[in-house]
Visitor: 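Dumping the structure here so I can ask a few things about it.
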Amino acid sequence: MDIQNELPKTYSPEGIEDKWYQTWMLNQSFKPKKGKQNQTFTLIMPPPNVTGKLHMGHALDATTQDVLTRYKRMKGFETLWIPGTDHAGISTQAVVEKLIYKTEKKTKHDLGREEFLKRIWAWKEQYGAEIVNQQKKMGVSCDWDYATFTMDEVPNKAVRKFFVKLYNEGLIYQSDYIVNWDPILQSAISDAEVDHKEVKGNFYSVKYKVKEDPNIELIIATTRPETMFADTAVAVNPNDERFKDLIGKTAIVPICNREVPIIGDEHVAIDKGTGCLKVTPGHDFNDFEIGKRNGLPIINILNADGTFNTNAPEIEGLKPKDARAEVERIMNELGILVEKKDHVHPVGHGERSGEIVEPIVSKQWFVNTTSMADRAVKAVEDGEMTFYPKGWENTYFSWLRNPKDWCISRQLWWGHQIPVFYCRSCKHQWAAEENPTECIECKDTDVYQDADVLDTWFSSGLWPMSTLGWPDEEAMKEKGFDRFYPNTVLITGFDIIFFWVARMMMMGMKVTDKAPFKDVYIHALVRDKQGRKMSKSLGNGIDPLEMVKEYGADAVRFTLAASSGYNRDINLDPERIEGYRNFMNKVWNAFRFIAPYLDKAKDELPIKSEWHLHDKWILAELNAVAKTINESLDVYRYDDASSAIYQFVYDKLCSWYIELSKNILNGNDEKAKIIRATMLKYCFRKVMILLHPITPFITEEIWSILENGKSLVTDQEYVEFDKNLENEEVLTMMNKFCDITTGIRNIRSSVNLKPKDELDVKLFTDDKELAKFMYESRHFLKDLANVKSGTIRGKSSERPKKSASLATTHTEIFIPLEGLIDIQDQVSRIKKDMDKTKADYSKVEAKLANTNFVSNAPPEVLAEVKEKAATFQEKLESLDKILNSFM
RNA sequence: GGGCGUUUAGCUCAGCUGGGAGAGCGCUACCCUUACAAGGUAGAUGUCGGCGGUUCGAUCCCGUCAACGCCCACCA
């Protein structure tokens, strides 16, 4: 049984992938090691939620980061990729809450805070690792010893340290503020977590009476009449001639008959609505501002669950929608509803819950981000941190140039509890890194901690530091903080530029005075093939694990890499994955071809004088690919790197070099056989190395056979560009050879000759080198185009009559087939080519005739155009000769 | 309303600092040729969104219009 038949005919990744992942782990391949670059390369993995299931976005994260990590590691950087998971406050709490209610019919309040948190931890220990295993299926080469959870001891310390620092600097403050309240989560959420969606509603015009003058009726337009119960003023624009006399008088809010002042405020637009505005400081962002300016009282009419409270007795207990209907009914009864019309307007929805959020005034914690944001902007302006693609810096700037204070408190239990403490006896409030046992002012022991927890992004923002041990000095030493901070690059999606990138910048620079990373590569968002966002409700999600199962992780990775450049969307079609699976199979079968010759192959390349022109050519092409891949990956052009290696394997290695090798490997020249086998093995080694960052599994599998298990491809040095291998003349010669071969095949196809039909081919060229090479290559032409016999002559020789023919720019090809071919057909083929060539020729000729062009164009362009003109002319002459041969 | 981006072959997209329009998939024809039918060989397909400008020369630069997409802010 020979080796070729031992290897399966199609590559099947099953079993192979897990085997190699385990090998790499055992081999400690993912641990940072000092290399020839004498430089570190660090990146952190955006920590997925512990509740998460791997989706295409994660798969893209994993691929773009792993390709880069493996590439840099092979190039000799001391490479560290840090994994981790995020506690994801709201979603985790919600998952466990639901689970407990389902199984035990208990709420978190039934269990109490301490017990409930215990349950979440237990859940996290049991299920939180799921996503980690899924990442491993993708082949991620991170150092798992660094794996960090956002609620581990060190990140906890980081959160506290940072909080206390800002608190003591006065940058964290507590304030009554109007916040977005999510009635499902029963928590405040930050502005950034609110989506504004267009909603169909109504525009109500309502009569308000004026106390001082019962004859006046103010018409007030509103979309939310149910909030009347919280009105504490009516406002008009002080410059509005219609109403300015009313300022200072008193309006009566209908239904609840509250007397409220009529005030003047510039915010009121004269031309919008009716020009009169009901002011509801407790439940509207703008009104809250008006209220502050005018010292208005705040009335809260909502409960935490979004229903109305006792301040709105007529609608108490109702949800806003029902309340609105009820208020409408009452208004109709009272005859104060003047008009109701349809109205589409944007309404805030909670990003996570999908529910309409209610503006509510409550006490929350905030971070004043003004100065931190300035620093973060400057770092990018000064080039301390660079975005790839550059355009994303605009998004970053647009957030940070108008920073809003960040609401960091959440009314949840799962998360980092705010390290602020209160004394019951003296009412003192302070922040502390360690839990105190007594008041630092009055020493009373009756102290308690703030009940709220921090926004999850507060801990994520410290991630580049806390994963490297900050602020624990021992941990920092152990994890190499000094070497690995700042990170080299951050890779993430544009949807969290503000949530995460900006916050890491602000927080990292606040602590260390250094940007936490040098580059930020923003990858695209994966959508379905129609460009729609993948979502549960649409059911258009593509499960990466299913794709891995069906096509192999390498194919999924190659697809994602090939789709990742500076684009902002990836419209993923599973057919593409199939296509790249086929590519994996192609690589596998190319290897199956060379496998039987491996024992002949030497480990070292033969001396240069023994290289065949084919060898010089393939090495030059290989070298060019190495150049492209290196340059592309250095600037995060995964697409260019992928297509370079894809094309090399298909179009150069398989279609030509391997095909050209058959004649030699099956021939009688032992020495030539050895050289060719050596060359093939060499190329394959290099291709495996070049491909390895993108498709680690199949390359490791093939490498193990290539090298008899002596080494791992993952430990090899990456292929670098080598100036000595460049060879312009050889490339030109091979291109001409390919032109001629393709030309012969083209003719064969045009006259419907079967592959089995042997040809007699007559070539005419004035290129003496080419003629020589074609003569030497006559055996190869037999293999590639089934050419049995032929001649090569100069262009002054006489052409055979009535042959199937074709002209390249350098060579005329004649296949004498008199009597067997349709002359008319051949003539029209040639004429068509002639028309096209004439058109091309006249274009360049026109340029050369243009004196402005000749005098203005740079010399190299001029030379190029002249050369083109010459080749077109040569081809035209050839075509002319061919036409004549039919006369 | 403010900002960003997109418009290139049937589809998805690439085209770096201006110099003869590209890839993959799909499609057509022929071929089970001893690595591969998850394959081979050959082939067809574009007013590079419209209009104007700069230039010897524009897919690329500028202006303008149109369509689409995204982000931010917000219409009581």
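Small disclaimer: the values here were computed from a predicted structure and weren't measured. In what follows, chains are A, B, ... by sequence order, proteins preceding strands, each numbered from 1.
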Visitor: Should A/Asn585 be listed as having a side-chain N or O under 4.0 Å from OP1 or OP2 of B/rG39?
Guide: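 For B/rG39, OP1/OP2 do not have a side-chain N/O of A/Asn585 under 4.0 Å.
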
Visitor: Hunt down the Watson-Crick or G-U wobble partner of B/rC60, both distances under 3.5 Å, from any strand shown, or write none.
Guide: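 Per the H-bond distance test, none.
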
Visitor: For atom P, what is the distance between B/rG10 and B/rU28, given to the nearest Å?
Guide: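 The same atom, P, in both gives a distance of 16 Å.
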
Visitor: If you go through the side-chain atoms of A/Lys586, does one of them form a donor-acceptor pair with the base of B/rC36 closer than 3.5 Å?
Guide: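 Yes.
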
Visitor: Hey, what's the ring geometry for A/Phe498 with A/Trp399, parallel, tilted or perpendicular (30° and 60° as the breaks)?
Guide: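 Parallel.
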
Visitor: Is A/Arg745 side chain donor-acceptor paired with the B/rA42 base, going by distance under 3.5 Å alone?
Guide: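 Answer is no: no donor-acceptor pair is held.
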
Visitor: Looking at A/Lys662, does any N or O in its side chain come under 4.0 Å of the phosphate oxygens OP1/OP2 on B/rA35?
Guide: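 The answer is yes; a side-chain N or O of A/Lys662 sits under 4.0 Å from OP1 or OP2.
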
Visitor: Do the numbers put A/Lys662 on top of the ring of A/Phe593, so that NZ or CZ is under 6.0 Å from the six-membered ring centre and no more than 45° off the axis?
Guide: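 So A/Lys662 does make the cation-pi contact.
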
Visitor: Which one is paired to B/rG10, where only Watson-Crick or G-U wobble pairs with both distances under 3.5 angstrom count?
Guide: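 WC or wobble partner is B/rC25.
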
Visitor: Classify the nucleic acid contact of A/Phe494 as base, sugar-phosphate or nothing, counting any heavy atom under 4.0 Å across all strands shown.
Guide: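 Counting heavy atoms under 4.0 Å across all strands, no contact is made by A/Phe494.
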
Visitor: Which whole number of Å gives the distance between the C1' atom of B/rG24 and that of B/rU17?
Guide: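 One C1' to the other, the span is 27 Å.
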
Visitor: With a cut-off of less than 4.0 Å, is there a side-chain N or O of A/Asn746 near OP1 or OP2 of B/rG43?
Guide: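 Result: yes.
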
Visitor: Does A/Asn402 reach a base, just sugar-phosphate, or nothing at all? Heavy atoms under 4.0 Å.
Guide: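 Result for A/Asn402 = nothing.
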
